[in-house]
Amino acid sequence: MADVGVRPARRADAAAVAGIQVRAWRHGYRDLLPADVLSQVTGDAAVEVWRDKWAEAATAPPSPRHRLLVAVASDLVVGFAAHAPAEDPGLDPSGTAELITLLVDPLHTRAGHGSGCSPPPWTCSATTASPP
């Protein structure tokens with residue numbers, strides 16, 4: 001069985017996370033967005049911006065309740081999830097999180113990596129992600 005799991009993201013993961021985001025968007029939105037719009041948000045300049053944003057999310061999140069988790073398979077980052085305190089007025093942000101994004105590299109879909117990154121089956125703290 002492959003070595004798979006979920007862990008908090010590190011600065012060194014930012015390029016992999018940005019690459020996954022771009023590949024997933026190109027794959028998932030290719031039939032939904034005009035090509036020029038998709039190119040603008042997934043082009044080389046955009047990749048640099050996303051990489052910097054994800055590095056900041058991993059190292060200096062806006063609050064202790066913001067998390068960036070990565071799914072790994074044999075030390076290769078294959079997916080990621082970001083969540084934050086709930087913003088819905090009907091929810092308590094101190095105890096409820098919103099999933100901001102959940103993406104798996106199109107080259108690694110259908111292997112369970114996305115379910116490993118989603119909060120419900122996982123207990124997440126500032127430094128760990130572990131099954132219940």
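Heads up: numbering here begins at 1 and tracks the sequence.
Between H66 and P85 the shortest side-chain heavy-atom distance falls below 4.5 Å. L107 places none of its side-chain heavy atoms less than 4.5 Å from the side chain of H27.
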(request) Quick one: do R7 and V77 satisfy side-chain contact (heavy atoms from CB on, under 4.5 Å)? Show the steps, please. (result) CA-CA 10 Å; R7 63 168 171 75; V77 176; 4.1 Å; yes
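Looking at every heavy atom in both residues, L103 comes nearest to A24 through CD2-CB, 4.0 Å. Of all heavy-atom pairs between H83 and L69, the closest is NE2-CD1, 4.3 Å. In terms of heavy-atom proximity, L102 sits nearest to A81 at CD1-CB, 3.8 Å. For E98 against E87, the heavy-atom pair with the smallest separation is OE2-N, 2.9 Å. Scanning both residues, P93 and A86, for their nearest heavy atoms gives CB-O, 3.3 Å. Scanning all heavy atoms of the two residues, the minimum distance from V70 to D13 falls at CG2-OD2, 4.0 Å.
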For a quick test of your reading: what N or O donor-acceptor pairs under 3.5 Å do the side chains of residues 31-53 make, sequence neighbours left out?
from	atom 1	to	atom 2	distance (Å)
T42	OG1	R26	NE	3.3
T42	OG1	L38	O	2.6
W50	NE1	V41	O	3.2

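Remark: the backbone N or O of T96 is paired with a side-chain donor or acceptor of R65 at under 3.5 angstrom.
For residues 86-107, there are no ring pair (Phe, Tyr, Trp, His ring centres under 6.0 Å) pairs, not counting sequence neighbours.
Under a hydrophobic clustering in which Ile, Leu, Val, Met, Phe, Trp and Tyr are joined whenever their side-chain heavy atoms come within less than 4.5 Å, directly or via other members, I20 and Y29 fall into the same cluster.
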